[in-house]
Asker: 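Before I ask anything, let me first share the structure, which is written out below as structure tokens.
Note that the coordinates shown come from a computational prediction; the quantities given were computed from them, not determined experimentally. Heavy-atom basis, side chains included; hydrogens, waters and symmetry copies ignored.
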Amino acid sequence: MQGIHFKFGRKLVILAFIALLVSSGLWYLYFYSLPAPVVTKKELVGIVTINEPILTASTADKYTSIINLAVMNDSVKGVMVRLDCPGGYAHLVEQVYLDVLQLKQKKPLVASVASALSGGYYIAVAADYIYVYPTS
């Protein structure tokens with residue numbers, strides 16, 4: 001009797017192993033034979049917010065790097081520059097202005113002005129359109 005029980009247990013182990021192999025193969029085919037998902041490119045509008053005086057080179061560099069990211073990113077189809085800027089040092093503001101002009105050459109550009117004193121206005125005139133509040 002013990003010999004019969006042993007043979008039955010051995011067959012059960014072999015059947016379980018075969019079932020495991022078959023299920024693993026089916027699992028692999030199901031997940032890895034599916035076509036790759038199609039990735040669609042999104043079209044975005046970038047927003048650059050300039051909301052502080054441009055008094056240091058690090059502040060100017062912060063804004064120029066954001067603007068340059070918008071220039072290089074092909075998903076960004078247009079940019080809005082939001083200005084609440086009292087201005088700053090002329091050479092630093094001009095650095096930002098020139099980068100905004102470069103952006104304008106590649107993509108549509110709109111300026112939205114809450115408050116823009118001398119340097120902020122200088123940056124805004126680089127845009128294709130300027131939208132302001134009556135009190136701006």
Asker: What closest approach, in Å, do Y133 and V113 show between heavy atoms, and which atom pair accounts for it?
Answerer: CD1-O, 3.6 Å
Asker: Sequence neighbours excluded, which residues qualify as side chain to side chain donor-acceptor pair (under 3.5 Å) partners of S58?
Answerer: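 If we apply the side chain to side chain donor-acceptor pair (under 3.5 Å) test to S58, skipping adjacent residues, the hits are T56.
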Asker: Report, one line per pair, each donor and acceptor closer than 3.5 Å where one atom sits in a side chain of residues 80-99; sequence neighbours left out.
Answerer:
residue : atom : partner : partner atom : Å
Q95     : NE2  : D61     : OD1          : 3.2

Asker: Could you check V79 against L103 for side-chain contact (heavy atoms from CB on, under 4.5 Å), going step by step and ending with a plain yes or no?
Answerer: CA-CA 8 Å; V79 177; L103 174 62; 3.8 Å; yes
Asker: Begin with the C-alpha distance, continue with both residues' side-chain angles, and end with the deciding distance and a verdict on side-chain contact (heavy atoms from CB on, under 4.5 Å) for E52 and K62.
Answerer: CA-CA 11 Å; E52 62 184 309; K62 174 175 75 170; 2.6 Å; yes
Asker: For the pair I47 and T49, evaluate side-chain contact (heavy atoms from CB on, under 4.5 Å) and give the outcome as yes or no after the intermediate values.
Answerer: CA-CA 6 Å; I47 299 175; T49 303; 3.9 Å; yes
Asker: Can a donor-acceptor pair be found, under 3.5 Å and without considering hydrogens, that links the side chain of T64 to the backbone of A60?
Answerer: yes
Asker: Do side-chain atoms of K107 reach the backbone of A70 as a donor and acceptor pair under 3.5 angstrom?
Answerer: yes
Asker: Can you establish whether the number of heavy atoms outside Y121 located under 6.0 Å from its atom OH is more than 12?
Answerer: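 Not buried by this count: 12 neighbours or fewer within 6.0 Å.
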Asker: Honestly curious: do I50 and V125 fall in one hydrophobic cluster under the side-chain, below-4.5 Å linking rule?
Answerer: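 Yes, same cluster.
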Asker: For A126 versus L101, what's the shortest heavy-atom pair and its separation?
Answerer: CB-CD2, 3.9 Å
Asker: Between I123 and I54, does a side-chain contact (heavy atoms from CB on, under 4.5 Å) hold up when you go through it step by step?
Answerer: CA-CA 11 Å; I123 294 169; I54 303 172; 3.8 Å; yes
Asker: Where is the tightest heavy-atom contact between K104 and L109, given as atom of each residue plus distance?
Answerer: CB-CD2, 4.0 Å
Asker: What residues, two or more places apart in sequence or in another chain, satisfy salt bridge (charged side-chain N to carboxylate O under 4.0 Å, His left out) together with K77?
Answerer: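 With sequence neighbours excluded, K77 shows a salt bridge (charged side-chain N to carboxylate O under 4.0 Å, His left out) to no residue whatsoever.
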Asker: Do V132 and V110 sit in the same hydrophobic cluster, where Ile, Leu, Val, Met, Phe, Trp and Tyr count as joined when their side-chain heavy atoms come under 4.5 Å apart?
Answerer: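 Looking at the clustering, V110 is in a separate group from V132.
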Asker: Any side-chain heavy atom of N68 sitting closer than 4.5 Å to one from Q102?
Answerer: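 Yes, their side chains come closer than 4.5 Å.
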